[in-house]
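Everything quoted here is computed from the prediction, not taken from an experiment. Each chain gets a letter, A, B and so on, in the order the sequences are listed, and its residues count up from 1.
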Amino acid sequence: MLLSEIAAASEAVAAASARRDKIALLATCLRQAAAGPGADAPVVAAWLSGRTFQRRTGLGWASLRSAPPPAQQPTLTVREVDDALARASLLTGPGSATERQIIVTSLLATATAPEQRLLTGLISGELRQGAAAGLLVDAVASAAAVPLASVRRALAVHGDLPDVAAAALEGGASALAAFQLSVGRALAPMLAAPAPELDAALAKTGPAGVEWKLDGVRVQIHRQGDEVAVFTRTLDDITARVPEVVEAARGLTAGTTIMDGEVLATTATGRPAPFQVTSARVARRDVEKGRAATPLSLTLFDTLHVDGDDLIDLPGSARRARLEAAAPHLVVPRHLVEDPSDAAEVARAQAFSADTLARGHEGVVVKSLAATYTMGRRGAGWVKVKPRITLDLVVLAAEWGHGRRTGRLSNLHLGARDPEGEYGPPGGFVMLGKTFKGLTDQMLAWQTERLRELAERESTWVVHVRPELVVEIAFDGVQRSPRYPAGLALRFARVLAHRPDKPAAQADTITTVRAHHVVEEEDGAVTAHGSEGTEQG
DNA sequence: TTCCGACAGTGGGGTCGCAAT
DNA sequence: ATTGCGACCCCACTATCGGAA
């Protein structure tokens, strides 16, 4: 199959707006890939979902910066391109980066303009065709003429879209049925939808368990005897980096099992360490030293398989019972709410939630007692609730947006007042991070106009403005930063509202921001840096 | 007809290891 | 030794489509 056929399909998908049309175009291309000579279907399925076939190629934005002019005639085949990407992905050691760049450059030089757009989209990970893995699942079902649910289920238990697509196209429903939940093979973890408050969460779930939400790294643990494998949320295998988890898994009473949980670094006093600490430990390759300096603890909150029994189609309450039997010492604490319409019950759940936060955890997850384990979905079965902090900050600059935000000033640079001049001239501002979130199209249009009026100087991407526009910002917390001048940055900042009515002189100060920075002292005591700030929002 | 679930897109902060400088 | 890059970890939110209510 020719690359140009995929490029043409991708262009058509991008041009279509209706999902049905996109799915039909994807399905046609998939059928052609399956019907043609060679085994192009898995690779084509990956590309049509916006990804390279290889999980990691070592290629990214930087390798695309100086693209050669496009070729006039399409000659590249799917096979050739995939082979080239596979070669690039396997390169390692001195000279490998140079060699990878040569591969990319020669690919692009052989590609026509539409093919270059496809290749750069795949390599950068930003194909922007309005279809990704989600729509491709629909397209696979359509192309193979099998029920959508059968494709979804195969994908959920197998985890690999190209494999599932190829099986469906070649063997239809019976081939899909062969994909079964298997201990040792990672599957898409269930996700939680957000809710602003506990009562809203309970309204969604009905009778539920309210659990601690730990601010660590999600792990899916597979154990078969002494064989243990540990996967992350994106199914990355991190077994070698978390020996504590492997040992804990070997200690379970269940000899064959799949468990869902969270790993977390803790301080000497057992309080949760900041996320950055856990993240650094899990990423670290030097496990010996990592473990000595930052041991990890494991907490489990679900189980998908125990000793021959698949549990994913059981209600949450039944899975919890199996979990408690198999791992009583590792189960996450929870509070039961049997009747969400009972105000007294809700109040007790609120108290549990407040206690959870007081212990230093991120929030709570409300889990329906009735819901099955819906893999890879963000349904109403699990709902997370986290506290939110709000501050009024000042826009220092803005960056031009990409994609559908092209031509709009999108990403805002946020600063707090620095009246004492700790980080510059007194009465100035100190940058705490950026945000592009929470903006409606109307807000984008408005701020583009307003910030242009305030513009002081511009570079290619950034418009620096007079610090006059105040924005109300919500965020989850203040974290240590190696990047910003105050050594602090906002976590998950988003815009709630523009405040043109509020003078910058009344915006919040760096002292107020610092008060929200939770610091773990050596003795384990927890203090907010400086005076106590105003919590909640 | 209106509502709501699922998706894609638009990027944020931090950290590591590796190759290049 | 430092810097740049890719690949991960954690994400929030809006617009849109299309089926459900």
Legend entry - Touch class at under 4.0 angstrom, heavy-atom based, for Gly95(A) against every strand present: sugar-phosphate
Inset, instruction - Pick base, sugar-phosphate or nothing for Pro482(A), based on heavy-atom distances below 4.0 Å to the nucleic acid. - result: sugar-phosphate
Inset, instruction - Quick one: label Asp215(A) by what it contacts on the DNA or RNA (base, sugar-phosphate, nothing), any heavy atom closer than 4.0 Å. - result: nothing
Inset, instruction - Ignoring the backbone of Arg491(A), work out which of dA12(C), dC10(C), dG6(C) is nearest its side chain. - result: dC10(C)
Legend entry - Arg284(A), nearest nucleotide to its side chain (from dG17(B), dG11(B), dG14(B)): dG17(B)
Inset, instruction - Decide if atom CZ of Arg452(A) counts as having more than 12 heavy atoms of other residues, nucleotides or ligands within a radius under 6.0 Å. - result: no
Inset, instruction - Applying salt bridge (Lys or Arg N to Asp or Glu O under 4.0 Å) between Asp476(A) and each of Arg491(A), Arg388(A), Lys386(A), report the one that passes. - result: Lys386(A)
Inset, instruction - Looking at every strand, decide which applies to Ala380(A) at a 4.0 Å heavy-atom threshold: base, sugar-phosphate, or nothing. - result: nothing
Inset, instruction - Decide, yes or no, whether a salt bridge links Arg153(A) with Asp313(A) under the criterion of side-chain N to carboxylate O below 4.0 Å. - result: yes
Inset, instruction - Describe the nucleic acid contact of Arg281(A) in one word from base, sugar-phosphate, nothing, applying a heavy-atom distance below 4.0 Å. - result: nothing
Inset, instruction - Verify the contact: side-chain N or O of Arg65(A) to OP1 or OP2 of dC5(C), cut-off strictly under 4.0 Å; return yes or no. - result: yes
Inset, instruction - Nearest-nucleotide wise, let me know which of Arg19(A) and Arg404(A) is further upstream toward the 5' end of DNA chain B. - result: Arg19(A)
Inset, instruction - With rounding to the nearest 0.5 Å, note down the distance linking CG in Asp215(A) to CD in Glu362(A). - result: 4.0 Å
Legend entry - Option among Leu91(A), Leu85(A), Leu108(A) that satisfies the side chain to side chain contact (heavy atoms under 4.5 Å, CB included) test with Ile103(A): Leu91(A)
Inset, instruction - Identify whether the distance between the nearest side-chain nitrogen and carboxylate oxygen of Arg87(A) and Glu99(A) falls below 4.0 Å. - result: no
Inset, instruction - Just call it for Tyr484(A): base, sugar-phosphate, or nothing, with non-hydrogen atoms closer than 4.0 Å on any strand. - result: sugar-phosphate
Inset, instruction - Under 4.0 Å between any heavy atoms, over every strand shown, what does Lys213(A) touch: base, sugar-phosphate, or nothing? Just pick one. - result: sugar-phosphate
Legend entry - Comparing Lys437(A) and Pro94(A) on DNA chain B - which has the more 5′ nearest nucleotide: Lys437(A)
Legend entry - Nearest to side-chain heavy atoms of Leu135(A), which nucleotide of dG6(C), dA8(B), dC8(C): dA8(B)
Inset, instruction - Answer yes or no: does a side-chain N or O of Arg20(A) lie under 4.0 Å from OP1 or OP2 of dG19(C)? - result: yes
Inset, instruction - Give a yes/no on whether any side-chain N or O of Asn411(A) is located under 4.0 angstrom from OP1 or OP2 of dG12(B). - result: yes
Inset, instruction - Would you indicate what Val217(A) reaches in the nucleic acid, counting non-hydrogen atoms under 4.0 angstrom: base, sugar-phosphate, or nothing? - result: sugar-phosphate
Legend entry - Minimum-distance nucleotide to Gln479(A) side chain [options: dA15(C), dG6(C), dG14(B)]: dG14(B)
Inset, instruction - Report which part of the nucleic acid Ser96(A) touches: base, sugar-phosphate, or nothing (heavy-atom distance under 4.0 Å, all strands). - result: sugar-phosphate
Inset, instruction - Mind checking Ala131(A) for me? I need base, sugar-phosphate or nothing, with any heavy atom below 4.0 Å counting as a touch. - result: sugar-phosphate
Legend entry - Out of dA12(C), dC10(C), dA8(B), whichever nucleotide has its closest atom nearest the side chain of Ala132(A): dA8(B)
Inset, instruction - With heavy atoms under 4.0 Å as the rule, sort Arg408(A) into base, sugar-phosphate or nothing. - result: nothing
Legend entry - Nearest-nucleotide comparison on DNA chain C, the residue closer to the 5′ end among Asp441(A) and Lys384(A): Lys384(A)
Inset, instruction - Give the nucleotide from the list dC10(C), dC8(C), dG18(C) with an atom nearest to the side chain of Ala18(A). - result: dG18(C)
Inset, instruction - Kindly point out which of dC9(C), dC8(C), dG14(B) is positioned nearest to the side chain of Arg56(A)? - result: dC8(C)
Legend entry - Under 3.5 Å on both distances, the Watson-Crick or G-U partner of dG14(B): dC8(C)
